[in-house]
Chemist: 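Pasting a structure below so you can have a look.
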Amino acid sequence: MRTKRDTTGNLLHTEGHSPPAQRWSMQVPSEVSAVAGDAAVLPCTFTHPHRHYDGPLTAIWRAGEPYAGPQVFRCAAARGSELCQTALSLHGRFRLLGNPRHNDLSLRVERLALADDGRYFCRIEFSGDVHDRYESRHGVWLPPFPFPTGAPRIVNISVLPSPAHAFRALCTAEGEPPPALAWSGPALGNHSAAVLGQSHGYRVTAELSALTHDGRYTCTATNSLGHAEASVYLFRFRGATRASAIALLLGALGLKALLLLGVLALLVASHWVVSSLSPVCRPQTQESNYENLSQMNPRGPPAATCSP
């Protein structure tokens, strides 16, 4: 705001100047470095010309090249929401640290590997009343970083299904020098597993195919600086055999027969008890003080007396 006055100090007129509108821009560092196995943060902030935008938005990170590179992270926020719901996180290792509503798209990458080296590009999209988008052109570079010399460590061990109801085990370890892997387990002894792949000279994966016995399988990684091991367990559910199924059926039938015999025995016993407690009636000559009793009851039957 600028005000003009004459020589006496009287106000002549006032000129108003609004601040220049912001333009699209993105600020990212030229590179970020970190050590394999640790986490790294890729900073990214931006400006845009749409003041106080609170409509729907999407935050995206790509790898390799801008606009066409594969997405490694994507999240979306609804109108007025501060929460950007994650829709894509490659291998579950990418997490948004910044808040897109506050012009911050910074990303955290967990458990870095040498395969993560390259350039990463941040992008913001507005999709409400305003349809606009912007993406960094130069990106931030995660340069190749050496894996420090060290003893091996096992980063993954798992049992996976195979065709024909079989199972296989996978073990991945890393170290410098690259470790040698060996499997041991039931009916296996100490088996040297074949190496499937070696990534950038420090990560090794070995497979144990066709697991035939239940039990504990152990993967051991060894190099000149030490060794590490991890175990996985396999227990398969087996249905009952025909003989055991027949035995189970006969046992159930036998139990039912015993129960039936018990019920019958109980009924017989209760009937015997009732019979033994029933009163016994027998004829009894009636006693009287009268001598001429026959005249009072000339043809009546003798009285019956019941005794327990």
Chemist: State whether Arg133 and Glu135 are salt-bridged, where the test is any N-O pair (Lys NZ or Arg NE/NH1/NH2 against Asp/Glu carboxylate O) under 4.0 Å.
Modeler: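 Salt bridge flag = no for Glu135 with Arg133.
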
Chemist: Minimum heavy-atom separation for Ala151 and Leu225, please, with both atom names.
Modeler: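 Smallest interatomic distance, heavy atoms only, reads CB-O, 3.8 Å.
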
Chemist: Treating Ile, Leu, Val, Met, Phe, Trp and Tyr as nodes and any side-chain heavy-atom pair under 4.5 angstrom as an edge, say whether Val41 and Leu107 lie in one connected cluster.
Modeler: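 No, Val41 and Leu107 fall in different hydrophobic clusters.
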
Chemist: Would you say Ser33 and Glu31 are linked by a side-chain donor-acceptor pair, where the criterion is simply a distance under 3.5 Å?
Modeler: no

Chemist: Is any side-chain heavy atom of Ser30 less than 4.5 Å from a side-chain heavy atom of Trp141?
Modeler: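 With C-beta onward as the side chain, the pair stays apart.
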
Chemist: Can you confirm whether Trp61 sits close enough to Val140 that some side-chain heavy atom of one is under 4.5 Å from a side-chain heavy atom of the other?
Modeler: yes

Chemist: Tell me if a side-chain donor or acceptor on Ser136 pairs with a main-chain N or O of Cys122 at a distance below 3.5 Å.
Modeler: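 Pair found, side chain donor or acceptor close to backbone of Cys122.
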
Chemist: Would you say that Tyr217 contacts Phe167 through its side chain, given a criterion of any heavy-atom pair below 4.5 Å between the two side chains?
Modeler: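 When only atoms from C-beta onward are counted, Phe167 and Tyr217 do not touch, as no gap falls below 4.5 Å.
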
Chemist: Distance check, rounded to the nearest 0.5 Å: Ile60 atom CD1 versus Gln71 atom CD?
Modeler: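 Separation between the atoms: 4.5 Å.
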
Chemist: What residue pairs, at least two apart or across chains, pass disulfide bond (SG atoms under 2.5 Å apart) with a residue in residues 47-89?
Modeler: Cys75-Cys84

Chemist: With distance as the sole test, does Arg119 use its side chain to make a donor-acceptor pair with the main-chain N or O of His138 at under 3.5 Å?
Modeler: yes

Chemist: Take Ile124 and Trp24 through the side chain to side chain contact (heavy atoms under 4.5 Å, CB included) test and state the conclusion after the steps.
Modeler: CA-CA 10 Å; Ile124 185 71; Trp24 275 113; 3.4 Å; yes

Chemist: In terms of hydrophobic clusters joined by side-chain contacts under 4.5 Å, are Ile157 and Leu208 together?
Modeler: yes

Chemist: Go through it in stages, so that I can follow the logic: the residues are Thr45 and Asp104, the test is side chain to side chain contact (heavy atoms under 4.5 Å, CB included), and I'd like the CA-CA distance, side-chain angles, deciding distance and then a yes or no.
Modeler: CA-CA 4 Å; Thr45 58; Asp104 190 348; 4.0 Å; yes

Chemist: Between Val155 and Trp183, is there a shared hydrophobic cluster once you connect ILVMFWY residues whose side-chain heavy atoms come closer than 4.5 Å?
Modeler: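 Per the 4.5 Å side-chain linkage, Val155 and Trp183 are not co-clustered.
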
Chemist: What about Phe121 and Phe46, same hydrophobic cluster or not, with Ile/Leu/Val/Met/Phe/Trp/Tyr joined at side-chain heavy-atom distances under 4.5 Å?
Modeler: no

Chemist: Keeping the roles fixed (side chain from Thr58, backbone from Ala76), state whether a donor-acceptor pair exists under 3.5 Å.
Modeler: no

Chemist: Same cluster for Leu142 and Val72 if Ile/Leu/Val/Met/Phe/Trp/Tyr side chains link at under 4.5 Å?
Modeler: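 Yes; Val72 is reachable from Leu142 via cluster members.
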
Chemist: So which atom in Pro29 and which in Pro43 form the shortest heavy-atom distance, rounded to 0.1 Å?
Modeler: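 It is CD-O, 3.5 Å.
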
Chemist: Can you list every salt bridge (Lys or Arg N to Asp or Glu O under 4.0 Å) pair that touches residues 80-93, not counting sequence neighbours?
Modeler: Arg93-Asp116

Chemist: Taking NZ, NE, NH1 and NH2 as the nitrogens, is one of them in Arg153 or Glu174 under 4.0 Å from a carboxylate oxygen of the other?
Modeler: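 Yes, this pair counts.
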
Chemist: With side chains defined as the heavy atoms from C-beta onward, is the minimum distance between Pro152 and Thr222 less than 4.5 Å?
Modeler: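 No, every pair of side-chain atoms sits at 4.5 Å or beyond.
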
Chemist: List the steps and the verdict of side chain to side chain contact (heavy atoms under 4.5 Å, CB included) for Tyr120 and Val32.
Modeler: CA-CA 10 Å; Tyr120 292 82; Val32 170; over 6 Å; no

Chemist: Is any side-chain heavy atom of Tyr53 closer than 4.5 Å to a side-chain heavy atom of Arg101?
Modeler: yes

Chemist: Specify the closest pair of heavy atoms between Ile154 and Ala228, including all atoms of both residues, with the distance to one decimal.
Modeler: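 That would be CD1-O, 3.8 Å.
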
Chemist: Kindly indicate, with the supporting measurements, whether the criterion side chain to side chain contact (heavy atoms under 4.5 Å, CB included) is fulfilled by Arg137 and Tyr67.
Modeler: CA-CA 9 Å; Arg137 293 178 175 84; Tyr67 309 113; 3.5 Å; yes

Chemist: State, yes or no, whether a side-chain contact exists between Arg23 and Thr47 at a heavy-atom distance under 4.5 Å.
Modeler: no

Chemist: Please name the pair of heavy atoms, one in Leu170 and one in Glu207, separated by the smallest distance, quoted to 0.1 Å.
Modeler: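 Shortest heavy-atom contact: CD2-CB, 3.6 Å.
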
Chemist: Once you measure the plane-to-plane angle for His50 and Phe126, does it fall in the parallel (<30°), tilted (30-60°) or perpendicular (>60°) bin?
Modeler: perpendicular

Chemist: If you take all heavy atoms of Pro179 and Asn223, which pair is closest and at what distance?
Modeler: CA-CB, 4.1 Å

Chemist: Rounded to the nearest 0.5 Å, what separates atom OG in Ser224 from atom CD in Glu176?
Modeler: 9.0 Å

Chemist: State the CZ-CG distance between Arg111 and Asp38, to the nearest 0.5 angstrom.
Modeler: 12.0 Å

Chemist: Would you confirm whether Arg62, through its side chain, and Gly69, through its main-chain N or O, come within 3.5 Å as a donor-acceptor pair?
Modeler: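 Yes; at least one donor-acceptor contact below 3.5 Å.
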
Chemist: Taking all atoms of both residues into account, what is the closest heavy-atom pair of Leu105 and Ala59, and its distance?
Modeler: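 So the two residues come closest at CD2-CB, 3.8 Å.
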
Chemist: Would a distance-only check, ignoring hydrogens and angles, find a side-chain to backbone donor-acceptor pair under 3.5 Å from Asn156 to Thr172?
Modeler: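 No.
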
Chemist: Do Cys44 and Met26 have side chains that approach each other closer than 4.5 Å (heavy atoms only, starting at C-beta)?
Modeler: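 Yes, their side chains come closer than 4.5 Å.
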
Chemist: Please examine the side chains of Leu96 and Thr86, heavy atoms only from C-beta on, and report whether any two atoms are closer than 4.5 Å.
Modeler: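 They are not in side-chain contact.
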
